[in-house]
J.: 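Before anything else, here's the structure in question.
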Amino acid sequence: MTRLPVRLDAVLVQALIAAALSFAHLHDLAAAAGQDGWKAWAYPVSVDLLLVAAWRRLRSGGSKAAGWCWFLVALTASLGANVATAGLLDLGAVPAWLRILVAGWPAVAFLGGTLLAHGAIEEPEAVSVPVSEPPAVKAGSATSPQPATPVPPALVAHARKVADDHRARTGTPIDTPTLRARLGVPLPLAEAIASQLT
């Protein structure tokens, strides 16, 4: 008996089925609202791309307001099409307001995608601390310091709670490798945070 090279994940299969159904509903609604041919297929693509762009912004670690805003807009469009094509709407007689919404969607999707892809991502205010002693670089007699690793104050506050919890449980101060593992951050950042905890 031949084994499959890829293990099928039930959640992934369910997600693919749901995506295909949602894609079809968006296509059917766009076609019923007068967008025929390739245009009807472009609507579900634009909704899904806006969802992906919003999800990427939410995962970026920056300001999440824009990501949530456009994620909800795209989700509303997707859910709206699913509900509308479930028998609540006569696809043979689409109301004028829905035709207007469908016709205006490309501009909304373009605006949202552009703002998400090219908008400024607000980073939390950071404090710069040196990671380690700067090594000397032989270029005449000059030395070149190592760049400082920025540490967001909120991360330092969270690390302080983790360190306090560690001390309460073990009776010893937290060491840098343990702090790094608990926070899930790179070693230079863990060293910079540890230097602020002492």
J.: Between Asn82 and Leu21, is a side-chain contact (heavy atoms from CB on, under 4.5 Å) present by the stated rule, with each step listed?
T.: CA-CA 8 Å; Asn82 293 343; Leu21 289 171; over 6 Å; no
J.: Do Ile100 and Val108 share a hydrophobic cluster (ILVMFWY, side-chain heavy atoms under 4.5 Å, transitive)?
T.: no
J.: A side-chain contact here means heavy atoms from C-beta on lying under 4.5 Å apart; do Leu50 and Ser46 qualify?
T.: no
J.: Heavy atoms, side chains only, cut-off 4.5 Å: are Tyr43 and Gln35 in contact?
T.: yes
J.: Hey, does Val45 have a side-chain heavy atom less than 4.5 Å from the side chain of Phe23?
T.: yes
J.: Using modelled atom types only, decide if a donor and an acceptor are shared between the side chain of Ser22 and the backbone of Ala18 within a distance under 3.5 Å.
T.: no
J.: Any idea which heavy atoms bring Val94 and Arg99 closest together, and the distance?
T.: O-NE, 3.5 Å
J.: What are the two closest non-hydrogen atoms of Ala194 and Thr176, and how far apart are they?
T.: CB-OG1, 3.7 Å
J.: If we only count heavy atoms from C-beta on, is the Leu26 to Trp41 side-chain gap below 4.5 Å?
T.: no
J.: Hey, is the main chain of Val185 close enough, under 3.5 Å, to the side chain of Arg180 for a donor-acceptor pair?
T.: yes
J.: Less than 4.5 Å apart, side chain to side chain, heavy atoms only: is that true for Leu51 and Asp48?
T.: yes
J.: Atom OG1 of Thr85 and atom NE2 of His27: how far apart are they, to the nearest 0.5 Å?
T.: 12.0 Å
J.: Start with the C-alpha gap between Leu179 and Leu197, add the side-chain angles, then the distance that decides, and say whether side-chain contact (heavy atoms from CB on, under 4.5 Å) holds.
T.: CA-CA 11 Å; Leu179 182 67; Leu197 296 181; 3.9 Å; yes
J.: Please answer: with hydrophobic residues joined when any side-chain heavy atoms are less than 4.5 Å apart, are Trp97 and Val73 in the same cluster?
T.: yes
J.: Quick check: do Arg167 and Ile174 have side-chain heavy atoms less than 4.5 Å from each other?
T.: no
J.: Does Leu49 share a hydrophobic cluster with Trp55, counting links as ILVMFWY side-chain heavy atoms below 4.5 Å and allowing steps through other members?
T.: no
J.: Heavy atoms only: give me the nearest Arg169-Arg182 pair and the separation to one decimal.
T.: NH2-NH1, 3.1 Å
J.: Please check: side-chain N/O of Thr170 versus main-chain N/O of His166, any donor-acceptor pairing under 3.5 Å?
T.: yes
J.: For Arg57 and Trp70, indicate whether the former's side chain and the latter's backbone hold a donor-acceptor pair under 3.5 Å.
T.: no
J.: Quick test of your reading of the model: are Lys161 and Asp165 salt-bridged, counting only N-O distances below 4.0 Å?
T.: no
J.: Could you state whether Phe110 and Val102 fall into the same hydrophobic cluster, counting links through intermediate Ile, Leu, Val, Met, Phe, Trp or Tyr residues with side-chain heavy atoms under 4.5 angstrom apart?
T.: no
J.: If you compare all heavy atoms of Ala40 against all heavy atoms of Pro44, which two are closest, and at what distance to 0.1 Å?
T.: O-CD, 3.1 Å
J.: Tell me the closest heavy-atom pair linking Lys64 and Leu58, and the distance in Å.
T.: CE-O, 3.3 Å
J.: Taking side chain as C-beta onward, heavy atoms only, is Leu75 less than 4.5 Å from Val47?
T.: no
J.: Report yes if the side chains of Leu116 and Arg56 come closer than 4.5 Å at any heavy-atom pair, otherwise no.
T.: no
J.: Spell out, as yes or no, whether a donor-acceptor pair under 3.5 Å connects the side chain of Thr76 to the backbone of Leu72.
T.: yes
J.: Please evaluate residues Leu183 and Leu189 with respect to the criterion side-chain contact (heavy atoms from CB on, under 4.5 Å), reporting the C-alpha separation (whole Å), side-chain torsions for both, the decisive distance (0.1 Å), and the verdict.
T.: CA-CA 10 Å; Leu183 296 177; Leu189 184 56; over 6 Å; no
